[in-house]
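Presented below is the structure to which this report refers.
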Amino acid sequence: MGMLSRLFDRLLGLPEATTPDIEVVRELRVPMPDGVVLRADRYRPRGSERLPVVLLRTPYGKHKLDVTGTARVLARRGMQVVVQDVRGTFSSGGRFSAFHQEKEDGLATAAWLREQPWCDGRLATAGASYLGYTQWAIGPYLDPPLEAMCLGVTAGEFRTTFYPGGVFALHNLLTWAALLGTQEDAWLSGLLPNPRRESRVRRAMAHVPIGRSDMAAIGKRVPFLRDAAAHTEADDSFWADTDHTATATATAAAMTTPTSMVTGWWDLLLPAQLRDFAALRAAGRHSRILIGPWGHDLGAMRALLAEEVSWLSAHLLGDTAQLQRSPVRLYLQGAGAWLDFDSWPPPRSVPTELHLLGRRALGWDGPGTGGPDGFTYDPARPTRSPGGPLLDMRESKQRDNRAVEARPDVLVYTGAPLPRRLDLIGPVSATVHVRTDTGYADLFVRLCDVDRDGVSRNVTDGILRLPPGNEGVVRAEVELQPTGYRFQPGHRLRVQVAGGAFPRFARNHGTGEPVGEAVRTRPTRFEIFHDAEHPSSLMLPVFEG
């Protein structure tokens with residue numbers, strides 16, 4: 001194990017271990033106030049006295065390689081780590097209710113840890129994705145507070161990621177639901193891909209109604225998916241107790257815990273995580289963020305592990321050498337460069353309008369002229385959309401968009417070749433004036449980079465559910481994914497406008513029926529305006545470096 005551990009450290013670029021001899025105590029019983037027992041494993045340097053605890057709470061199994069690897073890496077550097085199966089998963093008792101149980105169970109676990117003779121009373125947390133959410137579920141509420149939090153590709157609330165722009169994120173939600181529903185029965189703990197199951201899940205994305213697509217995907221009910229399909233409205237009280245962000249609670253706004261974040265330009269939780277970071281910085285909290293060319297993938301996990309070693313060594317062991325980094329470090333795609341800033345978005349990023357013009361053109365100088373452009377969206381033959389921030393790494397990130405751009409239900413606006421490089425760093429949005437004949441529709445907007453050979457690749461995009469029942473001209477404000485991207489000289493900017501992006505997002509059936517129950521479909525005619533009275537444009541963060 002020692003030689004393998006050293007090889008693992010070198011592959012990840014980690015500093016040398018200080019205490020390579022560790023001990024593991026398995027199946028600790030952690031009682032909850034309602035009598036349910038949660039199970040946990042403890043990793044620590046052999047023979048050590050009382051130490052602080054780094055807590056990782058996971059729904060994916062405390063025996064999985066990602067969390068055991070993290071625990072061993074930290075323990076070999078002088079830390080004590082407790083990895084716990086959350087309620088209703090693997091060895092822990094009770095029923096799993098995604099997102100709704102983590103505050104109470106997490107606080108009870110923290111109180112139990114502080115009572116143990118091998119804990120010196122100090123606690124920190126680490127982990128990615130749902131493991132990051134379990135940190136947010138306790139971080140704002142603990143007294144005394146956590147010593148540190150390490151948050152990877154995660155956020156303090158997931159509702160806006162489940163329904164970006166009010167649209168059901170079908171691909172990601174069904175993919176995750178299928179994982180939850182099969183992970184405890186998976187062969188070799190899911191270490192090897194299962195092409196047959198993956199193909200079945202992909203086919204199930206076309207199943208209607210969506211609320212019962214779990215049966216089509218894995219042959220059994222997944223409560224999380226059914227809840228998500230039944231509670232899609234922004235003001236639905238179902239999600240109220242799952243939001244732990246500073247904008248939701250005064251307690252979270254007052255949180256003082258030093259916080260480190262890792263995310264990627266192609267991660268589905270990036271917008272929410274950047275909102276969390278901006279709120280912490282605005283409140284004057286000690287926090288930093290690393291944004292790389294990653295999605296919800298192994299690249300982000302590798303970066304997170306290095307960040308966990310650095311951040312936790314500083315705040316638990318007093319090794320502050322790594323705290324001199326700028327609050328914001330990001331990778332500029334297309335330039336192959338890392339940049340450092342004091343804030344997000346960078347102050348030298350200037351919001352600049354790029355206008356949709358007549359004859360399917362783009363321009364910087366003002367709104368266009370002429371009548372609207374039109375297309376028909378048919379949910380029975382939904383518009384596809386390759387790439388983007390998907391959980392499935394085989395389909396995510398940048399892809400060739402030419403096939404989609406040739407469809408009659410996609411409007412394509414293209415700019416002139418760039419005379420010089422163009423850097424975009426920051427939030428991106430679109431304002432589109434649109435009219436539909438049904439009053440029930442979604443609007444999808446995508447920015448692409450067209451190279452000198454004419455290959456169009458997606459850079460960022462966003463979607464919005466239009467106000468229901470409105471058949472007049474609507475001013476649609478679409479939030480696109482933030483980006484850090486360089487367009488090279490001679491490349492062209494391209495904007496796609498469509499009525500959907502399937503199967504990444506659920507189809508709008510054009511009938512006004514609830515998302516989870518809709519079966520019938522009705523085509524919708526779109527008109528996109530771009531004149532002086534009804535201008536349409538993108539707001540791009542042009543970096544003046």
Side-chain angles (χ1 to χ4, degrees), residues 165 167 353-388 399-416 428-450 454-466 470-481 491-502 504-505 507-508 510 522-540:
V167 181
E353 277 192 287
L354 177 67
H355 299 271
L356 274 61
L357 305 177
R359 298 185 179 181
R360 309 288 178 87
L362 297 172
W364 304 97
D365 296 330
T369 59
D373 298 319
F375 65 92
T376 298
Y377 174 78
D378 185 354
R381 289 173 288 276
T383 313
R384 302 280 169 165
S385 184
R399 303 286 166 170
D400 187 341
N401 277 240
R402 286 176 293 180
V404 166
E405 292 170 354
R407 290 178 58 121
D409 55 0
V410 178
L411 295 179
V412 176
Y413 299 84
T414 306
V428 183
S429 62
T431 300
V432 179
H433 283 86
V434 55
R435 180 166 60 200
T436 68
D437 66 349
T438 65
Y440 298 103
D442 300 335
L443 186 71
F444 178 72
V445 179
R446 167 169 276 188
L447 175 66
C448 291
D449 177 5
V450 183
V455 179
S456 177
R457 297 180 176 89
N458 51 300
V459 174
T460 180
D461 55 48
I463 196 166
L464 178 70
R465 176 137 297 184
L466 300 178
N470 192 327
E471 297 182 16
V473 177
V474 173
R475 178 187 171 98
E477 304 285 352
V478 185
E479 178 187 355
L480 281 67
Q481 188 101 339
H491 286 214
R492 290 172 293 160
L493 280 72
R494 176 169 289 171
V495 174
Q496 301 173 14
V497 179
F502 181 81
R504 183 169 151 205
F505 301 110
R507 295 168 285 183
N508 191 314
R522 179 184 175 189
T524 296
R525 182 67 183 171
F526 282 74
E527 291 178 286
I528 305 299
F529 295 80
H530 45 69
D531 54 37
E533 183 181 359
H534 301 109
S536 295
S537 64
L538 268 66
M539 189 67 73
L540 302 179

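Each residue takes its place number in the sequence, starting with 1. Below, all heavy atoms of this structure are taken into account, side chains as well, without hydrogens, waters or symmetry copies. Computed from a predicted structure; not experimentally measured.
Here the side chain of N458 pairs no donor or acceptor atom with the backbone of T460 at under 3.5 angstrom. Using modelled atom types, no side-chain atom of H355 and backbone atom of S537 make a donor-acceptor pair closer than 3.5 Å. Although no hydrogens or angles enter the test, the distance criterion places no donor-acceptor pair under 3.5 Å between the side chain of S456 and the main chain of R402.
Side-chain contact between H433 and P535 is present, with heavy atoms from C-beta onward closer than 4.5 Å. Residues V473 and V434 fail the side-chain proximity criterion, which asks for heavy atoms closer than 4.5 Å.
In the model, R494 has no side-chain atom that pairs as donor or acceptor with a side-chain atom of N401 under 3.5 Å. In summary, the side chains of T524 and T436 do not present any donor paired with an acceptor at a separation below 3.5 Å, with no hydrogens or angles considered. Under the 3.5 Å distance criterion, with hydrogens and angles disregarded, a donor-acceptor pair is assigned to the side chains of R446 and S385.
Nearest approach of R399 to P386, heavy atoms of both residues: CB-CB, 3.8 Å. Closest non-hydrogen pair, G370 versus H530, comes out as O-CE1, 4.5 Å. When every heavy atom of A361 is checked against every heavy atom of Y413, the shortest pair comes out as O-CD2, 3.7 Å. Considering every non-hydrogen atom in both F375 and D409, the closest pair reads CD1-O, 3.4 Å. Closest of all the heavy-atom pairs between Y377 and G500 is CE1-N, 4.0 Å. Annotation for L464 and E477: closest pair CD2-O, 3.5 Å, computed over non-hydrogen atoms.
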* To do: For the pair M539 and T431, evaluate side chain to side chain contact (heavy atoms under 4.5 Å, CB included) and give the outcome as yes or no after the intermediate values.
  => CA-CA 8 Å; M539 189 67 73; T431 300; over 6 Å; no

* Full working for side chain to side chain contact (heavy atoms under 4.5 Å, CB included) between L447 and L540 -> CA-CA 10 Å; L447 175 66; L540 302 179; 4.0 Å; yes

* **Step-by-step side chain to side chain contact (heavy atoms under 4.5 Å, CB included) determination, F526 to R435** => CA-CA 6 Å; F526 282 74; R435 180 166 60 200; over 6 Å; no

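Between atom CG of residue L357 and atom CG of residue D531 there is a gap of 11.5 Å, rounded to the nearest 0.5 Å. Of the inter-residue distances, the one linking L356 atom CG with L411 atom CG reads 8.5 Å to the nearest 0.5 angstrom. With values rounded to the nearest 0.5 angstrom, R504 atom CZ is found 4.0 Å from D461 atom CG. If you take CG on L493 and CH2 on W364, they are separated by 5.5 Å, rounding to the nearest 0.5 Å. How far OG1 of T414 is from CD of Q496: 9.5 Å, rounded to the nearest 0.5 Å. Atom CD of E471 and atom CG of L466 lie 12.0 Å apart (nearest 0.5 Å).
More than 12 heavy atoms of other residues, nucleotides or ligands sit less than 6.0 Å from atom CZ of R360.
Each of L443, I463, N508 was scored for a side chain to side chain contact (heavy atoms under 4.5 Å, CB included) with V167, with one residue passing: I463.
Between R525 and E527 no salt bridge is recorded (no basic side-chain N to carboxylate O distance below 4.0 Å).
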